[in-house]
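Structure first, then comments.
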2 protein chains.
Amino acid sequence: MAAAKSDLPQGTLDLLILKAVAVEPVHGYAIAQRLEQVSRGVVQVPEGSLYPALHRLENRGFLAADWKKTETGREAKFYRLTRKGRKQLETEAASWQRLIEAVGLILGVADGGAQ
Amino acid sequence: MAAAKSDLPQGTLDLLILKAVAVEPVHGYAIAQRLEQVSRGVVQVPEGSLYPALHRLENRGFLAADWKKTETGREAKFYRLTRKGRKQLETEAASWQRLIEAVGLILGVADGGAQ
DNA sequence: TGTCCATCCCTTGCGCTTCTAGGCATCTTC
DNA sequence: GAAGATGCCTAGAAGCGCAAGGGATGGACA
């Protein structure tokens with residue numbers, strides 16, 4: 001059923017996470033909340049997707065993490081973008097742009113089914 | 001020049017195939033060529049991705065197929081959109097729109113949206 | 001005639017990512 | 001001290017795209 005739930009296409013999550021972290025160091029739980037909020041609920045990131053993704057990105061050197069206290073007084077792992085990660089963010093953002101342009105061409109070019 | 005190789009995110013291929021078939025019945029080989037051509041080489045569909053995808057879509061009742069002769073005189077499997085498939089195309093196209101808008105919000109690509 | 005290339009179809013197995021479904025620990029509130 | 005929110009994590013299953021195989025046909029060309 002077409003709920004607001006939108007399974008993210010493979011690879012997109014990485015891009016979104018990198019972008020979310022680029023602004024300022026954030027911890028995982030807040031990343032999910034921020035993505036959902038900014039996207040107006042369209043993007044929903046279950047924790048089972050989020051944390052593995054964060055670990056992947058950290059393993060590849062795109063993110064680095066430090067434990068700090070949150071506003072609520074709890075210890076949390078704050079991720080920040082490395083230099084390599086910033087470059088990766090640019091690359092993926094460019095790829096994304098190229099992709100949506102290409103898909104746009106395909107979806108829009110043939111006026112055959114234009115409603 | 002280096003072709004812009006772009007691994008398609010999971011699920012995107014279905015949408016593109018449905019759209020390609022929507023205009024008129026086409027056979028698999030031509031679908032791949034058309035997608036690559038219309039997208040200006042950005043979208044490339046290897047046969048190992050294409051045919052399984054076609055079979056999936058046929059299995060789910062989104063596509064139907066008939067063997068016909070091509071212009072070049074060879075037998076080929078021409079796929080066409082079923083009623084269910086057309087509905088699916090609309091659904092997926094809408095999902096895609098919603099997604100790129102959401103990602104756009106997060107990336108801040110909208111003019112002045114960044115902050 | 002025989003060979004090569006382009007066209008056209010297909011399958012298997014791998015790798016990758018996402019999601020479901022759990023568990024664990026801390027802090028606040030009642 | 002129980003409950004709920006916060007915050008982190010893992011294991012397993014499922015799905016999809018891709019590389020790398022293979023086969024069959026028709027036309028071009030020597």
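Order of the sequence lines fixes the chain letters, A, B, ..., with proteins taken first and strands second; residue numbering starts at 1 for each chain.
Going from atom NE2 of A:His55 over to atom P of C:dT18 covers 14 Å, rounded to whole Å. Here the C1' atom of nucleotide D:dC16 and the CG atom of A:Leu8 are 15 Å apart, to the nearest Å. Rounded to an integer number of Å, the gap from CD of B:Glu47 to P of C:dC10 is 10 Å. What separates CD1 of B:Ile17 from P of D:dG17 is a distance of 8 Å, to the nearest Å. Atom NE2 in B:His27 sits about 13 Å away from atom C1' in D:dT25, given to the nearest Å. A:Arg74 has its CZ atom 7 Å from the C1' atom of D:dG7, to the nearest Å. Between B:Lys77 atom NZ and C:dT7 atom P the separation is 21 Å, expressed in whole Å. Rounded to whole Å, the distance from CD on B:Gln33 to P on C:dC8 is 7 Å.
Applying the 4.0 Å criterion to OP1 and OP2 of D:dG27, one finds that B:Thr72 has every side-chain N and O outside that range. For A:Tyr51 and D:dC8, the shortest distance from a side-chain N or O to OP1 or OP2 is below 4.0 Å. Close to D:dG15, at under 4.0 Å from its OP1 or OP2, lies no side-chain N or O of B:Arg56. For B:Thr70 and C:dC8, the shortest distance from a side-chain N or O to OP1 or OP2 is below 4.0 Å.
You'll find the side chain of B:Leu99 reaches within 4.5 Å of the side chain of A:Pro9, heavy atoms only. Counting only heavy atoms from C-beta outward, the side chains of A:Leu16 and A:Ile31 never approach each other to under 4.5 Å. Between B:Asp14 and B:Arg60, the closest side-chain pair of non-hydrogen atoms falls below 4.5 Å.
As judged by a 4.0 angstrom heavy-atom cut-off over every strand, A:Gly28 is placed among residues touching the sugar-phosphate backbone only.
With hydrogens and angles left out, the side-chain atoms of B:Gln88 and B:Glu92 include a donor and acceptor closer than 3.5 Å.
Closest approach of B:Ala93 to B:Leu15, counting heavy atoms only: N-CD1, 3.8 Å.
Comparing D:dG17, C:dT17, C:dC9 against the side chain of A:Arg60 picks out C:dT17 as the nearest. Here C:dT18 is the nucleotide among C:dC9, C:dT18, D:dC8 with the atom lying nearest to any side-chain atom of A:Ser49. Nearest to the side-chain atoms of B:Asp14 among the listed nucleotides C:dC10, D:dG17, C:dC19 stands D:dG17. For B:Leu13, taking side-chain heavy atoms from C-beta onward, the closest of the listed nucleotides C:dC10, C:dC19, D:dG17 is D:dG17. Each of C:dT7, D:dA19, D:dG7 was ranked by its minimum atom distance to the side chain of A:Tyr29; first place goes to D:dG7.
Closest-nucleotide positions on DNA chain C for A:Gly73 and B:Glu75 were compared, and the one nearer the 5' end corresponds to B:Glu75. Nearest-nucleotide positions on DNA chain D for A:Gly48 and A:Ala76 put A:Ala76 closer to the 5' end.
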